[in-house]
Amino acid sequence: MYINKEIQMPKTSTFQEEKYRNFPMVPRVMFGKGSFNQLGEILLPKRKHSEAPFIFLVDDVFKGKELASRIPTIFNDQILFISADEEPKTTQVDALVRRIKTEFPALPSGIVGIGGGTLLDLAKAVAILLTNTGSSSDYQGWDLVQKPSIYHVGIPTISGTGAEVSRTTVLMGPEKKLGINSDHTTFDQVILDPDLTQGVAKEQWFYTGMDCYIHCIESLSGTYLNAFSQSYGEKAYELCKRVFLENPAPSDSRDMLMMASWHGGMSIAYSQVGVAHAMSYGLSYLLGLKHGIGNCLVFQHLAEFYPEGVALFNKMLQKHNIVLPKGICANLNDCDFDTMITVALGMHPLWENALGKDWRTIITPEKLKALYQKI
Ligand code: NAD
Ligand code: ZN
């Protein structure tokens with residue numbers, strides 16, 4: 001079991017005042033196999049009028065698949081299939097918002113995101129930008145969103161990121177990869193239907209699932225830990241261990257991983273992630289690597305910071321015959337390393353959570369470079 005090194009009370013995002021943060025939560029959630037079938041009745045009372053459509057942003061992996069035919073469109077609702085091959089960008093969000101505004105004179109009744117973290121983040125960002133002017137890059141940061149977003153629903157089809165429950169939407173912008181962290185980001189409604197995760201490929205299941213596992217390790221071993229985060233983190237950690245290590249695998253492991261993702265997201269909401277996420281942000285900023293695999297590539301080398309967590313991670317890799325790619329940083333030059341190091345070191349709260357107030361004396365650019373060179 002993870003024991004917190006030093007319990008601190010959660011602070012404001014500016015880390016200047018000792019104030020408690022007042023977090024929004026998803027106000028409505030439906031859980032259960034087949035619950036997707038109730039989407040139509042959930043949306044009905046939220047329809048403003050027949051000219052105000054629901055826009056469904058759907059992972060294009062579902063194009064032509066049974067799930068797409070079950071989306072309850074009426075009136076002038078629209079389904080937009082979007083590729084999740086790349087992580088969401090601010091330019092992509094801006095283009096989607098322009099398209100919706102051009103095609104529909106009235107503000108839509110709502111946005112429904114169906115897919116993994118990529119589609120969920122896109123849905124959150126589009127819902128915000130339909131009521132807030134300018135570019136989505138203007139809102140990357142903390143609490144910059146002024147006006148409430150339009151009604152938005154998140155329906156995950158792969159488990160692990162916790163994007164379904166978080167108050168952030170992570171976007172690659174012109175200058176930085178950073179979330180729109182705001183009270184208006186959180187979904188108004190989430191549907192957790194474990195059946196929707198059925199078609200996920202094994203490697204992807206593992207990488208996205210490990211995002212959740214790493215959320216637990218980083219939250220539970222961080223200095224920001226408190227009873228709120230710990231209660232959710234321990235539950236998610238226990239579920240991850242069962243899903244990825246139990247023999248034979250639990251028959252309801254899809255349900256369990258979906259709930260692990262939810263609890264992992266809740267845990268980091270009131271604490272923070274740590275070393276793996278800071279370094280993974282650097283990796284994906286430079287190389288465009290996706291979040292789940294990026295975290296795994298970094299985490300395997302972090303035994304110094306998370307000995308127990310890395311030991312279990314190695315067991316999970318072995319059990320599922322996952323071979324992580326090697327030599328990712330082999331051909332990078334000094335300038336590339338500097339870019340990754342600058343992005344990673346810029347994530348102050350993550351380092352402070354992981355290593356305490358004196359983190360700068362523990363993690364230096366040289367040390368980070370040595371770690372990146374192992375990847
Ligand atoms: P993803 O959305 O990037 O999807 C990964 C792959 O799985 C894609 O190829 C997708 O098409 C496929 N897929 C998804 N569901 C499937 C299904 N049911 N059947 C078959 N294939 C399916 O995956 P992810 O790991 O959930 O999300 C990563 C993104 O989430 C990153 O952009 C990351 O920045 C973001 N993220 C956000 C938060 C947050 O709190 N907002 C937290 C962590 C990560
Ligand atoms: Zn993560």
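We count ligands from 1, going down the list as the structure has it; atoms in each ligand are counted the same way.
- Contacts between D59 and ligand 1 below 4.0 angstrom, taking non-hydrogen atoms only, involve the side chain exclusively.
- Taking a cut-off of under 4.0 Å to the non-hydrogen atoms of P88, the atoms of ligand 1 that pass are 32 (O).
- Close N/O approach between G115 and ligand 1 is not found [any backbone or side-chain N/O within under 3.5 Å].
- The number of heavy-atom neighbours closer than 6.0 Å to CD of E86, taken from other residues, nucleotides and ligands shown, is 12 or below.
- Ligand 1 is never approached by Y207 to a heavy-atom distance shorter than 4.0 Å.
- Within a 4.0 Å radius of atom 11 (O) of ligand 1, the protein contributes at least one heavy atom.
- Residue L196 has at least one heavy-atom neighbour below 4.0 Å for each of these atoms of ligand 1: 18 (N).
- Geometrically, ligand 1 and H291 share no nitrogen or oxygen pair separated by less than 3.5 Å.
- Annotation: T161 places no N or O atom under 3.5 Å from an N or O atom of ligand 1; distance criterion only.
- Counting atoms of ligand 1 from 1 in the listed order, those under 4.0 Å from a heavy atom of S166 are 39 (C), 40 (O), 41 (N).
- Listed by chain and number, D211 OD1, H215 NE2, H277 NE2, H291 NE2 are the protein N/O/S atoms closer than 2.8 Å to the Zn ion (ligand 2), with waters left out.
- Taking a cut-off of under 4.0 Å to the non-hydrogen atoms of T157, the atoms of ligand 1 that pass are 14 (C), 15 (N), 16 (C), 17 (C), 18 (N).
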